[in-house]
Each structure stands twice: as C-alpha cells, then as structure tokens.
Amino acid sequence: MCSSGVTEVEKRQLETVQSMQGKRSSSYCRTMAAAIGIGIDVEAAVGNMIIDIGGGTTEIAVIALSVL
C-alpha cells in the first residue's frame with residue numbers, strides 16, 4: 001500500500017495501536033500510523049491529507065474510511 005519501507009518495530013507498534021482499537025487487520029503505513037497517533041478518526045467519512053516529511057523521504061496520503 002505504501003511506497004516507503006517500514007521497519008519491524010513500526011509494524012509491531014501499528015499492530016498494537018490497531019488491536020487496542022479493536023481492529024484485526026493492519027495497514028503498515030507510516031502516514032496511517034501518524035494519523036492514528038495524532039488522534040484523527042481514520043474511520044470517519046471525512047478525507048484527511050497526511051504529509052509525513054522525514055529525513056530523505058516524504059510520504060503523502062489521503063485517508064477516509066480507513067482506506068489510504
């Protein structure tokens with residue numbers, strides 16, 4: 001789904017957050033993790049653009065209804 005690589009630690013962190021929210025499947029994307037981390041309701045029928053600017057990579061996603 002996402003263009004950039006995700007480390008095993010990031011995968012486990014996202015799985016932990018999603019299991020706490022009652023979700024069974026995981027999407028290993030830093031922008032999804034960032035949205036959840038700042039409290040955006042990723043399941044809402046409202047589009048949110050998330051821009052993750054990192055050291056050497058930039059990832060942009062629009063999230064609505066838990067879909068990137």
| request: Following the transitive rule for hydrophobic clusters with a side-chain heavy-atom cut-off under 4.5 Å over Ile, Leu, Val, Met, Phe, Trp and Tyr, establish whether L65 and V62 coincide in one cluster. | output: no
| Applying the 4.5 Å side-chain criterion to the ILVMFWY set and letting contacts propagate, would V42 and I38 be lumped into a single cluster? | yes
| query | Looking at A64 and G47, what are the two nearest heavy atoms and their distance? | reply | CB-CA, 3.9 Å
| Spacing of CD1 belonging to I53 relative to OG1 belonging to T58, to within rounding of 0.5 Å | 5.5 Å
